[in-house]
Amino acid sequence: MSTFAAHGQTVQLKNLVDFLIQTQFTELLQAEPGAPRYTALLAEVTQRTASLLAKWQAVGFCHGVMNTDNMSLLGLTIDYGPFQFLDGFDPAHICNHSDHQGRYAYARQPQVAYWNLFCLGQALLPLIEDQDMAVQALETFKTLYPALADREFAKKLGIESVLSDDHVLIESLLQLLAVEKTDFTIFWRRLSHAVSHLAAKEPTVAFEPVKDMFIDSTGWQAWLPGYLQRLQGLNTAQAAATMLNTNPKYVLRNHLGEEAIAQAKIGNFTRVKDLTTVLASPFDEHPQFDHWAGFPPDWASSISISCSS
């Protein structure tokens with residue numbers, strides 16, 4: 001699209017966008033033809049991208065190379081060569097070793113997504129023709145993404161209906177995790193099991209495995225009472241079920257991929273097949289593969305990935 005727009009090839013741009021709408025966004029055919037329909041397309045892509053980024057952040061997914069041509073108009077994750085799931089929670093984590101300035105660091109992904117949408121808006125401007133209409137469609141990202149992110153993280157806490165104060169609860173927890181770079185996946189999974197045990201155990205006992213993840217548990221102990229208060233009035237069994245279906249036990253950590261690749265290189269694809277099976281249902285227990293849900297080995301931190309990985 002950007003090539004057609006940059007060269008003033010409006011006819012070709014229109015043909016391409018019309019084909020896109022007719023094949024992938026048929027619901028937009030109900031919109032008035034012309035500028036209103038193209039603006040609706042920009043708004044829809046903005047919404048899908050906001051939803052995608054909220055899900056990325058919630059599972060600790062780092063894309064690594066969020067160039068405009070690596071973002072899907074359909075709101076899908078594509079072309080992720082140097083991708084990674086976070087081990088320790090570090091908002092500044094860079095998974096692509098060639099990203100020297102940290103442009104695509106974990107915490108910057110939403111801002112980069114907005115920039116990419118802005119570039120899409122520029123490409124569609126010859127069809128929309130009204131800059132204010134295009135900006136209005138793009139600006140929805142600034143309110144939509146934070147709301148969707150809060151919703152995703154609230155589900156990780158077992159909260160289905162988000163309240164205004166939940167944002168503070170979420171952000172204070174993420175800050176706590178960032179201080180010690182607590183393992184992101186294991187923390188949320190242990191928290192899920194802790195909530196599932198509340199009916200049978202006192203909170204101090206139920207949350208002991210979570211507390212053990214912090215070298216300095218002061219911050220955790222200060223945060224927990226607010227969370228327990230938020231859970232009051234909720235069905236903790238239902239909250240735990242939500243959490244266990246939201247917080248995966250397994251993610252494709254770098255060292256698991258590295259080990260599978262090493263075996264595949266010598267003709268043994270067993271690890272690849274087993275990983276494929278487990279990751280197809282990452283919320284299930286798969287007890288025979290418990291070791292894949294543990295903390296990464298020390299050598300995993302030395303793995304370097306790039307666009308050529």
Nearest-0.5 Å distance, CG of residue Leu41 to CG of residue Leu20:
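These two atoms lie 5.5 Å from each other.
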Residues Phe289, Leu275; criterion side-chain contact (heavy atoms from CB on, under 4.5 Å); working and verdict:
CA-CA 9 Å; Phe289 297 109; Leu275 274 176; over 6 Å; no
Does Asn70 use its side chain to pair, donor to acceptor, with the backbone of Met66 at less than 3.5 Å?
no
The single option from Val205, Asp212, Val210 passing side-chain contact (heavy atoms from CB on, under 4.5 Å) against Glu208:
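Option passing the side-chain contact (heavy atoms from CB on, under 4.5 Å) with Glu208: Asp212.
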Between Trp292 and Tyr250, does the ring centre distance come in under 6.0 Å?
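Ring-ring flag for Trp292/Tyr250: false, centres at least 6.0 Å apart.
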Inter-residue atom distance Asn247.CG - Phe187.CZ, 0.5 Å rounding:
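Taking CG in Asn247 and CZ in Phe187, the distance rounds to 9.0 Å.
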Could you state the interatomic distance from OH (Tyr145) to CD (Glu152), rounded to the nearest 0.5 Å?
9.5 Å
Criterion side-chain contact (heavy atoms from CB on, under 4.5 Å) on Lys55 and Val59, from CA distance to verdict:
CA-CA 6 Å; Lys55 294 180 186 300; Val59 293; 5.9 Å; no
Within the distance-only criterion (no hydrogens, no angle test), does the side chain of Asp18 pair as donor or acceptor with the backbone N or O of Asn15 below 3.5 angstrom?
no
Quick one: does any side-chain atom of Asn67 pair with a main-chain N or O of Asp69 as donor and acceptor, under 3.5 Å?
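A pair under 3.5 Å: no.
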How many angstroms lie between CG in Leu148 and OG1 in Thr143, if you round to the nearest 0.5 Å?
9.0 Å
Taking His286 for its side chain and Gln288 for its backbone only, find out whether a donor-acceptor pair lies under 3.5 Å.
no
Any non-hydrogen side-chain atom of Tyr106 less than 4.5 Å from a side-chain atom of Phe89?
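When only atoms from C-beta onward are counted, Phe89 and Tyr106 do touch, with a gap below 4.5 Å.
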Determine whether Ile94 and Tyr104 make a side-chain contact, defined as any pair of heavy atoms from C-beta on separated by less than 4.5 Å.
no
According to salt bridge (Lys or Arg N to Asp or Glu O under 4.0 Å), who are the partners of Asp90, at least two apart in sequence or on a separate chain?
none
For Gln109 and Gln57: C-alpha separation, side-chain torsions, deciding distance, then whether side chain to side chain donor-acceptor pair (under 3.5 Å) applies.
CA-CA 8 Å; Gln109 292 185 139; Gln57 302 302 99; 2.6 Å; yes
From Leu169 atom CG to His167 atom NE2, the distance as rounded to the nearest 0.5 Å:
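Here the rounded value is 11.0 Å.
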Ser51 side chain to Gln47 backbone, donor-acceptor under 3.5 Å
no
Counting only N and O atoms by type, is there a donor-acceptor contact under 3.5 Å from the side chain of Glu180 to the main-chain atoms of Ile215?
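Such a contact is found between Glu180 side chain and Ile215 backbone.
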With Lys156 as the cation and Trp188 as the aromatic partner, state whether NZ or CZ is under 6.0 Å from the six-membered ring centre and within 45° of the axis.
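That pair qualifies as a cation-pi contact.
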Apply side-chain contact (heavy atoms from CB on, under 4.5 Å) to residues Thr49 and Met71 and explain how you reach the verdict.
CA-CA 9 Å; Thr49 303; Met71 296 294 293; 4.1 Å; yes
Counting distance only, does the side-chain N/O of Thr140 pair as donor-acceptor with the main-chain N or O of Gln136 below 3.5 Å?
no
Any side-chain heavy-atom pair from Tyr114 and Glu139 closer than 4.5 angstrom?
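Tyr114 vs Glu139: side chains touch.
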Whether Thr276 side chain and Val272 backbone form a donor-acceptor pair below 3.5 Å:
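Side chain of Thr276 to backbone of Val272, a donor-acceptor pair under 3.5 Å: yes, one is there.
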Assign the ring pair His63 / Phe61 to parallel, tilted or perpendicular, where the plane angle (0 to 90°) is split at 30° and 60°.
perpendicular
The single option from Arg189, Arg253, Arg190 passing salt bridge (charged side-chain N to carboxylate O under 4.0 Å, His left out) against Asp183:
Arg253
I'd like to check Ile21 versus Tyr38 (side-chain heavy atoms, cut-off strictly below 4.5 Å). Are they in contact?
yes
Give a yes or no answer on whether the side chain of Lys249 reaches the backbone of Glu285 with a donor-acceptor pair at less than 3.5 Å.
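Yes: the side chain of Lys249 pairs with the backbone of Glu285.
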Got Trp299 and His255 here, is their nearest side-chain heavy-atom distance under 4.5 Å?
yes
Do Arg271 and Glu259 touch side chain to side chain, with heavy atoms closer than 4.5 Å?
yes
Kindly compute the distance separating NZ (Lys181) from CG (Leu86), expressed to the nearest 0.5 Å.
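The distance works out to 11.0 Å.
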Minimal non-hydrogen separation, Ala105 against Asp99, with atom names
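For Ala105 versus Asp99, the nearest heavy atoms are N-OD2, 4.1 Å.
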Test item: side-chain donor near acceptor, Asn116 and Thr68, under 3.5 Å
no
May I ask you to test the Leu177-Phe214 pair for a side-chain heavy-atom distance under 4.5 Å?
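Yes - at least one pair of side-chain heavy atoms lies under 4.5 Å apart.
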Do the non-hydrogen side-chain atoms of Leu120 and Leu73 ever get within less than 4.5 Å of each other?
yes
Ala58 and Phe184: which non-hydrogen atoms are nearest, and at how many Å?
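Where Ala58 meets Phe184 most closely, the heavy atoms are O-CE2, 3.3 Å.
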